[in-house]
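To keep things clear, I will list the structure first and then write my remarks on it.
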Amino acid sequence: MYVRGAADGDLRAIAKIALANDDGDGADPRYVAHLRAHGRFLVAATDGTVEGYGAVRHLGGLTLLCDLFVDPARHGGGTGRRLLDAAFDADGERSTFASRDPRAMSLYVRYGMVPRWPLLYLEGPPSFDGPAGGGGQAEAVPAAVAAAAERELNGRDRSADYAFWAATPGSTGLLVRDGHAVAAAGIAGSDRLFHLVTADGADPVATLRAALATFTAARVRLCLPGPHPALPSLLDARWRIEDADQHMSSRPDLLRPTDVLSSSLA
Ligand SMILES: CC(C)(COP(=O)(O)OP(=O)(O)OC[C@H]1O[C@@H](n2cnc3c(N)ncnc32)[C@H](O)[C@@H]1OP(=O)(O)O)[C@@H](O)C(=O)NCCC(=O)NCCS
């Protein structure tokens, strides 16, 4: 078995492995192209047959493991470990969202990551009651404007990811303002809040409420860290937990549990 960068000719095999593991991302050529262009997309192969793949994205000094999938016929055969050896070939901080497959967490712990909190896949109506300090109004802005605002808030250049999310039909960048100050920046599709970063000192419940108020869809999906302070109010408003991954990281403060995060790209 050897590990190499994914090539155009691997797309079908990658999609087949993704679908066999009930994952949609790897079957989306646009997603694979995004990570090939802005991260590293690796395949493990034996005699020319692709048996698994893994992808990482570098966010500043952080290596985010976005994907790790192996042909189900080969689960438990060491392919995941070989891919991780190649994906984490440098020092630096590491982070990922582990699935419920115990092999995933078992491996990630041994690559220096500690389970931190669940990332909940939620679905519900785009409004909720409950306590909120301050107000904040969300406005639709070009994705590049929202990306620049996020960079001001947390120093991370996510413009390539914003451009990727913005290519989804019906999507728009979002800015939540409280007076003149930017309280949050993010991006939404027609029925999905992809990503929302709240400024230090702003109320993440208020910024989430403001962002959700921009939706016209009856039901919305988002991924919320379990410790996010809006979770009790969302569940009171009959939001539903559809799934959960486990956030793991080499340091506890790499991702903030007050942000709305995308499941693979953070
Ligand atoms: C998770 C996955 C990528 C791992 O790849 P893999 O090739 O099956 O994994 P490996 O054989 O390299 O390693 C699995 C490790 O888990 C260990 N393991 C297996 N079951 C375990 C359990 N119940 N508890 C603890 N460890 C366990 C194995 O002993 C092995 O560790 P070792 O190398 O020290 O012996 C693969 O199983 C997969 O595609 N799963 C389904 C999709 C998925 O959930 N992907 C993860 C997305 S975050």
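Just follow the structure's listing: the first ligand is 1, and inside any ligand the first atom is 1. These figures come from a predicted structure and were not determined experimentally.
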Where does the angle between the aromatic ring planes of His247 and Phe97 fall among parallel (under 30°), tilted (30 to 60°) and perpendicular (over 60°)?
-> tilted
Any side-chain heavy-atom pair of Val145 and Glu139 under 4.5 Å = no
Best match, Gln246, Arg81, Arg110: closest heavy atom to atom 12 (O) of ligand 1 | Arg81
Hey, does the Lys NZ or Arg CZ of Arg30 hover above the aromatic six-ring of Phe164, less than 6.0 Å from the centre and inside 45° of the axis?
-> yes
Considering all protein heavy atoms, does one lie under 4.0 Å from atom 2 (C) of ligand 1?
-> no
Residue pair Leu265 / Arg158, side-chain heavy-atom distance below 4.5 Å = yes
Between Asp161 and His34, a side-chain donor and acceptor under 3.5 Å = yes
Among Ser106, Gly80, Gly78, the residue with a heavy atom nearest to atom 25 (C) of ligand 1 is Ser106
Mode of Tyr53 contact toward ligand 1 - side chain, backbone, both, neither (heavy atoms, under 4.0 Å) = neither
Atom 19 (C) of ligand 1: of Arg103, Met105, Arg74, the nearest heavy atom sits on Arg103
Return a yes/no value: protein heavy atom under 4.0 Å from atom 29 (O) of ligand 1?
-> no
Taking N or O atoms only and a 3.5 Å limit, does Asp101 qualify as a polar contact for ligand 1?
-> yes
Atoms of ligand 1 close to Phe97 [distance to a heavy atom under 4.0 angstrom, numbered from 1] | 48 (S)
Can you label the angle between the Phe69 ring and the Tyr53 ring as parallel, tilted or perpendicular, going by 30° and 60°?
-> tilted
For atom 44 (O) of ligand 1, the protein heavy atom that lies nearest, with its residue and separation | Ser99 OG, 2.5 Å
Considering Pro102, Ala44, Ala18, Gly77, which one's heavy-atom position lies nearest to atom 24 (N) of ligand 1?
-> Pro102
By number and element, which atoms of ligand 1 are closer than 4.0 Å to a non-hydrogen atom of Ala104?
-> 1 (C), 46 (C)
Non-hydrogen side-chain atoms of Val141 and Leu174 separated by less than 4.5 Å = no
Under-4.0 Å heavy-atom contact with ligand 1, by part of Leu68 that carries it = both
Give the residue and atom name of whichever protein heavy atom lies nearest to atom 36 (C) of ligand 1, and the separation in Å to one decimal.
-> His75 CD2, 3.7 Å
Is there a donor-acceptor contact under 3.5 Å linking the side chains of Tyr108 and Gln246?
-> no
For Thr79, is at least one N or O under 3.5 Å away from an N or O on ligand 1?
-> yes
With side chains defined as the heavy atoms from C-beta onward, is the minimum distance between Val56 and Leu35 less than 4.5 Å?
-> no
Atom 39 (O) of ligand 1: the protein heavy-atom neighbour that sits closest, reported with distance to 0.1 Å = Val70 N, 2.9 Å
Are a donor atom and an acceptor atom from the side chains of Thr258 and Thr198 found within less than 3.5 Å of each other?
-> no
Between Gly76 and ligand 1, is there a nitrogen or oxygen pair with a distance under 3.5 Å?
-> yes
Closest to atom 4 (C) of ligand 1 (heavy atoms only, candidates Leu65, Leu107, Asp22) is Leu107
Any side-chain donor paired with an acceptor under 3.5 Å for His58 and Thr63?
-> yes
